[in-house]
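Just so you know, these numbers use all the heavy atoms, side chains as well, and skip hydrogens, waters and symmetry mates. Throughout, residue positions are numbered sequentially from 1 according to the sequence presented. Atoms within a ligand are numbered from 1 in the order they appear, just like the ligands themselves.
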Amino acid sequence: MDGTQQQITQHRVRIGPADVRVFEDGAALAAGAAAMIASLIRREVTKARAAGGRLVSVAMAGGSTPVATYRRLATMDIPWSGVCAWVGDERYVPPDHEDSNGAMIGRSLLDGTGARFLRVPWAEDRSAPEAAALYETELLASMGGDARGPRPDLILAGMGGDGHTLSLFPGSDALDVTDRWYVATEVAAAQRWRLTATYPLAHRAAAVYVLVSGGSKAAVLAEVLQPTGDRPLPARRLMEGAAPVSWLVDRDAAAGLDLP
Ligand code: 6PG
């Protein structure tokens with residue numbers, strides 16, 4: 001067990017289908033999430049190497065919340081050469097753009113680790129849908145799976161203040177996609193065109209970790225995990241498939257939950 005995991009206190013609770021782990025604050029959340037991610041990657045890389053050597057498939061989360069976790073992971077001994085990392089969602093911008101999730105992930109963690117890191121194939125003369133189709137093909141070729149499709153080993157995701165996750169936004173046409181694993185979608189948020197894993201892909205993951213931090217997310221996290229409305233928010237729909245979803249949250253983000 002990684003030392004940090006023993007030092008980190010957390011309150012673990014089940015809320016319906018959700019495995020919820022509440023950490024004291026943002027720093028404890030970063031340490032706890034890093035310990036969980038490191039433990040899963042070490043375990044799965046060991047298994048994969050013993051079974052022929054496929055790369056373990058890990059979707060990295062975008063946005064700002066995971067940065068502290070990535071920086072923590074960057075200090076840990078992790079067999080990145082056994083990992084194929086990709087972006088759970090991406091803004092359709094040049095690879096060195098300040099809003100690029102791939103650039104953030106590389107800068108804060110993956111650059112120089114030896115991980116295979118699949119970046120979205122942005123090009124000046126390539127539309128977002130064209131890039132999504134190319135990336136989907138590359139992902140399928142990189143990932144293990146079965147007759148029903150690909151099976152990521154781990155998907156890391158965040159949650160926005162409107163209950164979106166990945167780039168599956170309320171009202172988005174991507175919410176209803178059933179025949180694609182990765183698509184382009186237009187959103188009314190920063191960077192109009194996004195590329196995102198779809199629910200079919202997220203639902204097939206062996207594990208999903210959603211990282212949520214800060215009091216500004218408390219109300220929407222409560223609605224996601226203990227819904228009062230009649231339509232589930234996009235983040236809640238991550239739990240509609242077979243993938244076990246763990247919500248790694250800090251106490252401020254959990255403030256709106258009715259915890260046993
Ligand atoms: C993105 C992310 C997005 C993010 C949430 C939370 O590209 O913006 O993938 O889904 O996880 O918007 O963002 P913060 O962590 O910055 O609050």
Side-chain angles (χ1 to χ4, degrees), residues 23 25-27 29-30 33-34 37 58-73 85-110 117-120 122 128 131-132 135 139 152 154-172 174-175 182-199 201-202 205 208-225 233-239 245-250 252-256:
F23 297 88
D25 55 27
L29 169 58
I37 295 163
V58 178
M60 308 300 288
S64 60
T65 299
V67 174
T69 297
Y70 293 160
R71 288 190 175 136
R72 188 72 181 234
L73 285 166
W86 45 286
V87 284
D89 72 306
E90 182 59 286
R91 299 82 180 271
Y92 195 56
V93 295
D96 57 353
H97 191 283
E98 62 179 4
D99 288 343
S100 163
N101 284 331
M104 175 276 289
I105 297 160
R107 194 171 50 243
S108 54
L109 174 56
L110 289 183
F117 184 23
L118 300 180
R119 297 286 303 268
V120 159
W122 177 89
Y135 196 57
L139 281 182
L154 174 61
I155 290 182
L156 301 176
M159 186 194 73
D162 59 358
H164 82 262
T165 188
L166 301 168
S167 280
L168 299 168
F169 284 77
S172 160
L175 296 174
Y182 213 91
V183 295
T185 179
E186 281 191 277
V187 299
Q191 303 306 333
R192 185 166 62 93
W193 274 103
R194 301 284 188 99
L195 275 63
T196 185
T198 59
Y199 287 123
L201 184 56
V208 179
Y209 294 169
V210 188
L211 281 65
V212 187
S213 173
S216 68
K217 303 278 180 74
V220 71
L221 183 64
E223 182 56 27
V224 165
L225 297 182
L233 288 171
R236 179 169 181 81
R237 293 187 54 192
L238 286 174
M239 298 189 287
V245 182
S246 294
W247 300 78
L248 315 184
V249 307
D250 61 20
D252 287 346

Problem set entry | Numbering as shown, the atoms of ligand 1 that approach Gly62 to under 4.0 Å (heavy-atom distance) |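 Once the distances to Gly62 are compared, the set is 2 (C), 9 (O), 11 (O).
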Exercise. CG/Leu110 to CE/Met60 distance, rounded to the nearest 0.5 angstrom?
Worked result: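 So the CG of Leu110 and the CE of Met60 are separated by 4.5 Å.
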Exercise. Distance from Ser167 atom OG to Tyr182 atom OH, nearest 0.5 Å?
Worked result: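 One gets 8.0 Å once the value is rounded to the nearest 0.5 Å.
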Report the nearest protein non-hydrogen atom to [atom]: residue, atom name, distance rounded to 0.1 Å.
{"atom": "atom 12 (O) of ligand 1", "answer": "His164 NE2, 2.8 Å"}
{"atom": "atom 13 (O) of ligand 1", "answer": "Gly63 CA, 4.1 Å"}
{"atom": "atom 10 (O) of ligand 1", "answer": "Leu166 O, 2.5 Å"}
{"atom": "atom 6 (C) of ligand 1", "answer": "Met159 O, 3.4 Å"}
{"atom": "atom 11 (O) of ligand 1", "answer": "Gly158 CA, 3.4 Å"}
{"atom": "atom 15 (O) of ligand 1", "answer": "Thr65 OG1, 2.7 Å"}
{"atom": "atom 2 (C) of ligand 1", "answer": "Asp89 OD2, 3.5 Å"}
{"atom": "atom 8 (O) of ligand 1", "answer": "Arg91 NH2, 2.8 Å"}

For this session: Answer yes if the side chains of Asp89 and Thr196 hold a donor-acceptor pair under 3.5 Å, and no otherwise.
Result: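 No - no donor-acceptor pair under 3.5 Å links their side chains.
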For this session: May I ask you to check whether Thr185 and Ser172 show a side-chain donor-acceptor distance below 3.5 Å?
Result: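 Yes - a donor-acceptor pair under 3.5 Å links their side chains.
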For this session: Answer side chain, backbone, both or neither: which part of Lys217 comes under 4.0 Å from ligand 1, heavy atoms only.
Result: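 Side chain only.
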Exercise. Is it true that Arg194 lies under 4.0 Å from ligand 1, counting heavy atoms only?
Worked result: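 Yes, Arg194 has a heavy atom closer than 4.0 Å to ligand 1.
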Exercise. Once the angle between the rings of His164 and Phe169 is folded into 0 to 90°, is it parallel (under 30°), tilted (30 to 60°) or perpendicular (over 60°)?
Worked result: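 Because their plane-to-plane angle is under 30°, the rings of His164 and Phe169 count as parallel.
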Looking only at non-hydrogen atoms, find the nearest pair between [X] and [Y] and report the distance.
{"X": "Ala61", "Y": "Pro66", "value": "O-CG, 3.7 Å"}
{"X": "Pro95", "Y": "Trp122", "value": "CD-CE3, 3.8 Å"}
{"X": "Tyr135", "Y": "Arg119", "value": "CE1-O, 3.4 Å"}

Exercise. Looking only at N/O atoms, are Pro66 and ligand 1 under 3.5 Å apart anywhere?
Worked result: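 It does not: no N or O of Pro66 is found under 3.5 Å from an N or O of ligand 1.
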